[in-house]
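Have a look at the structure below before the remarks.
Whatever order the structure lists them in is the order used to number ligands and atoms, beginning at 1. Any value given below was found using the heavy atoms of this structure, including those in side chains, with hydrogens, waters and symmetry copies removed. The chain is numbered in sequence order, starting from 1.
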Amino acid sequence: MSLIKLINLPNLSDDRGGLIAIESDQSIPFEIKRVYYIFNTANKPRGFHAHKDLKQLVICIHGQCRFVLDNGIKKDEIILNSPIQGLVIESMTWREIHEFSEDCILLVLASEYYDESDYIRDYDEFLEFVK
Ligand code: T46
């Protein structure tokens, strides 16, 4: 089974333009505790870590980038380039983000507050965790 889980977001767009409304625990499978966004990307890869508990929904609201997800057994990847789809990243998933377009804006909805102790930033350590 692919590690790429995409959610079609509630699309309220009309002839005036686009509108997506996301409700905690309703349109996405967790309560939202934190929101952050990544912009002005320098085409330098990001990520290279996993989270022990954190779940996230990532929406590329402008531009595009390539996500690689890895559960220690297999890797899948996807180009994110649509503001009407969200990529669900489950806990214990190694992620890398590559090939940001200059205009890329990534909006991330997170299930937990920021906690550095939730990160696994070493790939070998990650493999030990998922073994
Ligand atoms: C993910 C991708 C898409 C905070 O203080 N608070 C926060 O909420 C975040 C996300 C980061 N930080 C600090 C921690 C680091 O010192 O900002 C610095 C850069 O964060 P990080 O290395 O986590 O950045 P990315 O872009 O490599 O990864 C982040 C998320 O951590 C990650 O879960 O999926 O964005």
Side-chain angles (χ1 to χ4, degrees):
M1 210 170 71
S2 174
L3 302 175
I4 305 299
K5 291 188 197 159
L6 290 172
I7 291 184
N8 290 320
L9 299 169
N11 192 345
L12 306 168
S13 305
D14 59 25
D15 58 3
R16 297 169 298 171
L19 196 166
I20 303 288
I22 299 167
E23 296 188 340
S24 187
D25 254 335
Q26 306 273 330
S27 21
I28 65 169
F30 54 80
E31 185 190 347
I32 300 164
K33 289 204 178 143
R34 177 165 53 107
V35 174
Y36 61 91
Y37 46 97
I38 293 171
F39 61 104
N40 280 351
T41 51
N43 199 15
K44 293 200 175 134
R46 305 187 70 113
F48 299 91
H49 58 255
H51 291 278
K52 294 172 195 160
D53 291 322
L54 185 72
K55 296 184 185 121
Q56 300 191 111
L57 184 85
V58 182
I59 306 158
C60 186
I61 56 177
H62 201 260
Q64 71 171 49
C65 61
R66 180 170 63 88
F67 260 82
V68 180
L69 299 184
D70 175 346
N71 65 2
I73 297 169
K74 65 180 300 212
K75 289 183 191 189
D76 287 306
E77 63 176 61
I78 185 168
I79 306 277
L80 278 193
N81 58 7
S82 168
I84 63 170
Q85 281 192 320
L87 175 66
V88 179
I89 307 182
E90 301 288 355
S91 53
M92 293 309 290
T93 305
W94 187 265
R95 83 284 322 270
E96 298 177 7
I97 313 134
H98 298 270
E99 293 157 24
F100 289 93
S101 63
E102 268 180 26
D103 57 352
C104 183
I105 302 175
L106 277 187
L107 174 67
V108 185
L109 311 179
S111 66
E112 304 296 337
Y113 302 118
Y114 173 72
D115 175 6
E116 185 60 36
S117 71
D118 186 62
Y119 280 72
I120 306 168
R121 292 191 182 270
D122 179 86
Y123 189 69
D124 290 334
E125 192 188 337
F126 167 69
L127 291 180
E128 286 298 313
F129 264 93
V130 292
K131 243 186 355 193

For this session: Select one of side chain, backbone, both or neither to describe which atoms of F48 lie under 4.0 Å from any atom of ligand 1, heavy atoms only.
Result: neither
Exercise. For ligand 1, is there an N or O atom under 3.5 Å from any N or O atom of R34?
Worked result: yes
Exercise. Any idea how H49 and Y119 line up, ring-wise: parallel (<30°), tilted (30 to 60°), or perpendicular (>60°)?
Worked result: tilted
Exercise. Ion pair present between E96 and R46, side-chain N to carboxylate O less than 4.0 angstrom?
Worked result: no
Exercise. Measuring from K55:NZ to D53:CG, what's the distance to the nearest 0.5 Å?
Worked result: 8.5 Å
Exercise. Using heavy atoms and a threshold below 4.0 Å, how should the contact between R121 and ligand 1 be classified: side chain, backbone, both, or neither?
Worked result: side chain
For this session: Assess whether side-chain contact (heavy atoms from CB on, under 4.5 Å) is satisfied between L87 and I78, documenting all intermediate values.
Result: CA-CA 9 Å; L87 175 66; I78 185 168; 4.2 Å; yes
Exercise. N/O to N/O below 3.5 Å, does that happen between G47 and ligand 1?
Worked result: yes
For this session: Could you tell me whether atom 16 (O) of ligand 1 has a protein heavy atom closer than 4.0 Å?
Result: no
Exercise. Could any protein non-hydrogen atom be found less than 4.0 Å from atom 8 (O) of ligand 1?
Worked result: yes
For this session: State the atoms of ligand 1, each with its element, that fall below the 4.0 Å cut-off from a heavy-atom position in R46.
Result: 24 (O), 25 (P), 26 (O), 27 (O)
For this session: Using a 4.0 Å heavy-atom cut-off, say whether V58 meets ligand 1 through its side chain, its backbone, both or neither.
Result: neither
Exercise. Less than 4.0 Å between a side-chain N and a carboxylate O, is that true for R34 and E112?
Worked result: no
Exercise. Is the closest N or O pair between Y119 and ligand 1 shorter than 3.5 Å?
Worked result: yes
For this session: Measure from atom 2 (C) of ligand 1 to the protein's non-hydrogen atoms and state whether any distance is below 4.0 Å.
Result: yes
Problem set entry | Per-atom contacts, ligand 1 versus H51 - under 4.0 Å to a heavy atom | 31 (O), 32 (C), 33 (O)
For this session: Report the relative orientation of the aromatic rings in W94 and F126; use parallel for angles under 30°, tilted for 30 to 60°, perpendicular for over 60°.
Result: tilted
Seminar exercise, completed: A student checking ligand 1 against I97 at a 4.0 Å heavy-atom cut-off should list atoms 2 (C), 3 (C)
Seminar exercise, completed: Per salt bridge (Lys or Arg N to Asp or Glu O under 4.0 Å), E90 is matched among R95, K52, K5 by K5
